[in-house]
Amino acid sequence: MELDSLYQEVILDHYRKPAHKALVANPTKQVHHVNPSCGDEITLNLHMNGNLVADVSWDGVGCSISQASTSIMTDLMIGKSVDEAMLVLNEFTELMQSKGTLTGNEEILDDAVALAGVSKFPARIKCALLGWMAFKDAVSQSQLGK
Amino acid sequence: MELDSLYQEVILDHYRKPAHKALVANPTKQVHHVNPSCGDEITLNLHMNGNLVADVSWDGVGCSISQASTSIMTDLMIGKSVDEAMLVLNEFTELMQSKGTLTGNEEILDDAVALAGVSKFPARIKCALLGWMAFKDAVSQSQLGK
Amino acid sequence: MFNSPLDGAEIRKDFPIFAKTMRGGGRLVYLDSGATSQKPRSVLDAERYFYENHNAAVHRGSHLLAEEASEAYEGARAIVAGFLSANIDEIIFTKSATEGINLIAYSFGNSAPSSQFALKPGDRIVVSEMEHHANLIPWQQLAKRTGAELVWFPITLEGRLDTSALDSLINERAKVVAITHQSNVLGTINPLTQIVDRAHAVGSVVVLDACQSVPHFGIDVKTLGVDFLVFSGHKALGPTGIGVLWGRADLLEEMEPFLTGGSMIESVTMSDATWASVPRKFEAGVPNMAGAVGLGAALTYLDKLGMDNVEAHERALTEYALKKFTELNGVTIIGPKDSAMRGSVLSFTIDGIHPHDAGQVLDQYGIAVRTGHHCAWPLMRKFGIAGTTRASFYIYNDSADIDALIDGIAATQKYFKV
Amino acid sequence: MFNSPLDGAEIRKDFPIFAKTMRGGGRLVYLDSGATSQKPRSVLDAERYFYENHNAAVHRGSHLLAEEASEAYEGARAIVAGFLSANIDEIIFTKSATEGINLIAYSFGNSAPSSQFALKPGDRIVVSEMEHHANLIPWQQLAKRTGAELVWFPITLEGRLDTSALDSLINERAKVVAITHQSNVLGTINPLTQIVDRAHAVGSVVVLDACQSVPHFGIDVKTLGVDFLVFSGHKALGPTGIGVLWGRADLLEEMEPFLTGGSMIESVTMSDATWASVPRKFEAGVPNMAGAVGLGAALTYLDKLGMDNVEAHERALTEYALKKFTELNGVTIIGPKDSAMRGSVLSFTIDGIHPHDAGQVLDQYGIAVRTGHHCAWPLMRKFGIAGTTRASFYIYNDSADIDALIDGIAATQKYFKV
Ligand SMILES: Cc1ncc(COP(=O)(O)O)c(C=O)c1O
Ligand SMILES: Cc1ncc(COP(=O)(O)O)c(C=O)c1O
């Protein structure tokens, strides 16, 4: 059924056992984002090491899509340079806006390709992007702060 | 043609030669009314003699219907007691709201029955009532002032 | 077990959208009327008939179309007045309930300091914790602009208004009490008499948010005793973009206008303007004529069903649903669990499943519910939850729809293995 | 003699209302598009299709209908943006141009004293003597509330904006210049470049009332250089109850909201709220979704005709009419008598006949014109008249309509024996 394209097993796994879901103290930057239409919230701590994303940790409430997507995002981003991270982020954003026409580049997106099905459910795209947008915001704030 | 039921000869006569259209000084009460939707205006001077409408005079700009109706009204009201005047006024208001179903009581309304056709043209009822409403307002203000 | 004077399946035949095939291939089980209602054919026909036969700017022309348009528009006003047992001149068309409440708040804010409507530091605006954002934020803003204090009725754990501190909340400084007739989240119907009595005793006006009541049971504004009432047409079978503000004539006459522009004036110079009488004073610009006409047709449709029947039908649906819900495990109703003083809005949470995920699975079965905070975020915080799943019932629903919901919830639990 | 890329009689076939039989038994000669336009079938179909297939509250649900409704509504926003060469997020749906102007005025009035939008005593708001009440009274009120000074461009006897004192009118104290693109009475199209340049040089924003321009010729907001623009859907083939405010993104982002309530928030507590980003911040409540969709269909219809063709058609009609009017006796055109910098609105007076009476006789011939002050009362005073008769042309008119008007005026003169 169509629903299975949305709720892939890897998503439900991340939802049940989210990665890096515990705020690590003394971040370079902390941001708080909400999804005003459903009330979901996320707090994200970013630790930078020079140009390197040293750590991303988070806490928050949200649906399986937003929780899983954030979990996958942290796994992907940690250890990347800002430039690499933005490349991944753009790739993911493009996938989300593809209305089901893209399947996603697994080399770049890894587990995040499991979220490809979200792009067919317009109301859920914001859920999938919540953590990513928080990350983007944190990075650009930390860059500005330099 | 339907138009002729609106523009009866007696109306056009009153329009061309309006009665009492020149403000008489020292009124008991002066009122100014406008029809906001078309911009027509009337100033009306009322002279009371005890309970008697001693004189009604007016000035203003307006369409043939409003000018003729006001002219006819002044002819009718002058010399009447307040009670008689209100009776005529109610009779006329009823005629205007009749949507063409009434022809008007000529004994009470005299020339004003020529305005019966107006009731079939909803947008013109306000024109026909402009002077009458000014008169009513002037009378009730003069009564309150007692 | 299910006993109603109305037959939802029969009524659905009047609503073209129910012919639609949904995502999973099934029929539409529409349980989101609390957000917006579906529209019967007669409403769509009335709007279209207006455009095809009478369309012109109202009150602004002597030509035939303008006359007919004005009659249609004013005819709609008369229908609304009749529906609420109000006077015609007390009915103001707005674009929505939201605009209606903002109209009152801004009008009060525009008042001269000497006006009965003016607020000043120390004055009180009283709301409740169960208000929709539309009946909360305009008052927050008015309070900020005037220095008045915003206070609120708390909510009991059962989702009822806690009126134990009524007299101290609505104290002598209260100028406005703004309260919802029925909560769009909890279904709770609020007890108005004591609130209205107390408010009037201290000289406060009462603004009633009737978005969730006018469509669902008979309303007589004179009996209610409130001073202002707002509702949205789109929740009452009517078109989008049209709402109603009813107000007591003597108050409306004294109030400052809100939107200014054409058609609401008496006279205008470059530097000054005076206002037309009510209701025109509050209807600046070319109004939503087709919307008003459509709303007239909507209320006429409801009137034909009979508001007593509508109420009985919704009570039957609610009782049936409340009973069925007790068969479910891991599901918690947020709001009163009995049908007394309660409308047909049913919010719930499912253990281990976020509302958004629940809504998604239900959608696969053609079941349309709403999920999230329902524009009542403070209420969610009060209950310590991120959101609920909400089913709301209306005339075109029947017990089969509720059975579908119950099955859908069970299927959701199975899908997410909770 | 009459040469246009469009065929009015052909276009009328797309508009169901032209099948109507009028009071005198003849066809509808609709010359009142300046007040409101008629609607093509495609607009009525689009609205109905929305209700019958996608109706749900936008942005508020995860179910299929809510998704489709959101896509339809946002799709309409994209169409409007394309039509104006604007960015999508700069398009705000209002109920009318009137609401759009009030939105700006109230938002400015809500600004903190330190804001770039705040007005204080001594500041200036500049309008013109030819403004519609909708672009005059909101500024009068804002001036009264803030202590700012309202000043205005005078009008020449020919009905042109008198810009001779431009620099002293728009002085360093000017914060807002609010001007109409095309007069709804005179037909005059105002020269924007010098006004915009001067306003920006002194740090003032420019608000353009585009009610009478967006429907009639191609608009590119970036080229115009103004900061805000409003228009009403109902004058542009669209439904009633829907309008548009376009604003520069950087300004909209900084501005205070106007209507508050649901869907315009970021976060809400009982005592406070923060705002969503633009355009949501300015769209509180369930919007007029079907209206927006209908407006999208209307602009799509205009786009298919081509706005250059629409403009050429109206110029041809105007030139034809101006020429024909010279054959009449005792008729005076109020406004420019040549077609340069002039739209297809034609106001006139007839010696010895009040406009209301003229309109009534024309109505007998099926000719719909507007009479009165046209919500521009100060302009009437300027010309020393109580009102005018106004014919306004649009895509579905042709030279035969103008011939009918000319014959109708002659018949009116005969009827009243002047
Ligand atoms: C120039 C102008 N401005 C503003 C308006 C107001 O438009 P609306 O009444 O649709 O808000 C109109 C039309 O009535 C107009 O012609
Ligand atoms: C209780 C209540 N009040 C106010 C509103 C606001 O209505 P609208 O968005 O139509 O203005 C709603 C619906 O959203 C509601 O349920």
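Protein chains get the first letters and strands the later ones, always in sequence-line order, with residue 1 at the start of each.
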Query - Pick from D:Gly372, D:Ser271, D:Gly109 with the largest number of heavy-atom pairs that fall under 4.5 Å of chain C - result: D:Ser271
Query raised in the report: Is the shortest heavy-atom distance from the side chain of C:Lys382 to the side chain of D:Met270 under 4.5 Å?
Result: no
Report summary line: Applying a strict 4.5 Å limit to non-hydrogen atoms, the region of C:Asp32 in contact with chain D is side chain
Report summary line: Under 4.5 Å to a heavy atom of chain D? For C:Gln141 that would be side chain
Requested in this report: Using a 4.5 Å cut-off on heavy atoms from C-beta on, say whether the side chain of C:Tyr51 contacts that of D:Pro239.
Outcome: yes
Query raised in the report: Based on non-hydrogen pairs under 4.5 Å, which of C:Leu103, C:Leu136, C:Thr371 is most in contact with chain D?
Result: C:Leu136
Query raised in the report: Checking C:Ser33 against chain D: side chain, backbone, both or neither under 4.5 Å from a heavy atom?
Result: neither
Report summary line: side chain to side chain contact (heavy atoms under 4.5 Å, CB included) filter on C:Thr98, not counting sequence neighbours, yields C:Ser96, C:Asn102, C:Ala134, D:Ala284
Requested in this report: Determine the sole option in C:Ile101, C:Leu142, C:Ile137 for which the side chain to side chain contact (heavy atoms under 4.5 Å, CB included) test with D:Thr260 is passed.
Outcome: C:Ile137
Query raised in the report: Does D:Ile17 reach the side chain of C:Asn53, with side-chain heavy atoms less than 4.5 Å apart?
Result: no
Query raised in the report: Between C:Asn55 and D:Ser37, is there a donor-acceptor pair closer than 3.5 Å when you use the side chain of the first and the backbone of the second?
Result: yes
Requested in this report: Check each atom of C:Glu67 against the heavy atoms of chain D and say whether the ones under 4.5 Å are side chain, backbone, both or neither.
Outcome: side chain
Report task. Tell me, with the steps shown, if C:Lys95 and D:Leu259 meet side-chain contact (heavy atoms from CB on, under 4.5 Å). Result -> CA-CA 11 Å; C:Lys95 73 172 178 179; D:Leu259 299 181; 3.6 Å; yes
Requested in this report: Would you please go through residues 38-47 of chain D and name the residues with a non-hydrogen atom below 4.5 Å from one of chain C, in numerical order?
Outcome: D:Gln38, D:Lys39, D:Arg41, D:Leu44, D:Asp45, D:Glu47
Query raised in the report: Pick from D:Thr269, D:Leu150, D:Ile367: which one has the most heavy-atom pairs with chain C under 4.5 Å?
Result: D:Thr269
Requested in this report: Taking all non-hydrogen atoms of both residues into account, name the closest pair between D:Tyr106 and C:Pro257 and its distance.
Outcome: OH-O, 4.3 Å
Query raised in the report: Angle class for the D:Tyr30/C:His63 ring planes (parallel below 30°, perpendicular above 60°, tilted otherwise)?
Result: perpendicular
Requested in this report: Please look at D:His54 and chain C and tell me whether the side chain, the backbone, both or neither of the residue comes under 4.5 angstrom of a heavy atom of that chain.
Outcome: both
Query raised in the report: Are any non-hydrogen side-chain atoms of C:Val268 and D:His373 less than 4.5 angstrom apart?
Result: no
Query - Leading residue by heavy atom contact count with chain C [cutoff under 4.5 Å; candidates D:Asn135, D:Val369, D:Val151] - result: D:Val369
Query raised in the report: Are the side chain of D:Thr240 and the backbone N or O of C:Ala290 linked by a donor-acceptor pair below 3.5 Å?
Result: yes
Query raised in the report: What part of C:Arg23 lies closer than 4.5 angstrom to a heavy atom of chain D: side chain, backbone, both or neither?
Result: both
Query raised in the report: Taking C:Ala35, C:Ala368, C:Gly359, C:Gly285 one by one, which has the highest count of heavy-atom pairs under 4.5 Å against chain D?
Result: C:Ala368
Report task. Sort out for me which of C:His133, C:Glu99, C:Met289, C:Glu131 touches chain D most, counting heavy-atom pairs under 4.5 Å. Result -> C:His133
Report task. Specify which of C:His374, C:Met264, C:Met22 makes the most heavy-atom pairs with chain D at under 4.5 Å. Result -> C:Met22
Query raised in the report: For D:Glu68, what residues pass the salt bridge (charged side-chain N to carboxylate O under 4.0 Å, His left out) criterion, not counting sequence neighbours?
Result: C:Lys20
Query raised in the report: Would you say D:Tyr49 has more than 12 foreign heavy atoms packed within less than 6.0 Å of its OH?
Result: no
Report summary line: Of C:Val286, C:Leu379, C:Leu362, the largest count of non-hydrogen pairs under 4.5 angstrom with chain D goes to C:Val286
Report summary line: Note: vs chain C, highest number of non-hydrogen pairs under 4.5 angstrom among D:Ala143, D:Ala97, D:Gly243, D:Gly262 is D:Gly262
Query raised in the report: For C:His356, what residues pass the side chain to side chain donor-acceptor pair (under 3.5 Å) criterion, not counting sequence neighbours?
Result: none
**Report entry** Leading residue by heavy atom contact count with chain D [cutoff under 4.5 Å; candidates C:His132, C:Lys235, C:His234]
**Finding:** C:His234
Report task. Evaluate side-chain contact (heavy atoms from CB on, under 4.5 Å) for C:Leu28 paired with D:Leu64, printing each intermediate quantity in order. Result -> CA-CA 10 Å; C:Leu28 167 61; D:Leu64 178 67; over 6 Å; no
Query raised in the report: Is it the backbone or the side chain of D:Ser128 that comes under 4.5 Å from a heavy atom of chain C, or both, or neither?
Result: backbone
**Report entry** Under 4.5 Å from any heavy atom of chain C - which part of D:Pro138
**Finding:** both
**Report entry** Minimum heavy-atom distance between C:Ser267 and D:Arg381, given as atom pair plus value
**Finding:** OG-NH2, 3.2 Å
Query - Residue D:Gln140 versus chain C: region with a heavy atom under 4.5 Å - result: side chain
Query raised in the report: For C:Val127, is it the side chain, the backbone, both, or neither that has a heavy atom closer than 4.5 Å to a heavy atom of chain D?
Result: side chain
Query raised in the report: Please walk me through it: do D:Lys144 and C:Asp272 pass side-chain contact (heavy atoms from CB on, under 4.5 Å)?
Result: CA-CA 10 Å; D:Lys144 284 187 212 298; C:Asp272 234 322; 3.2 Å; yes
**Report entry** Note, C:Asn288 side chain near D:Ile242 side chain (heavy atom, < 4.5 Å)
**Finding:** no
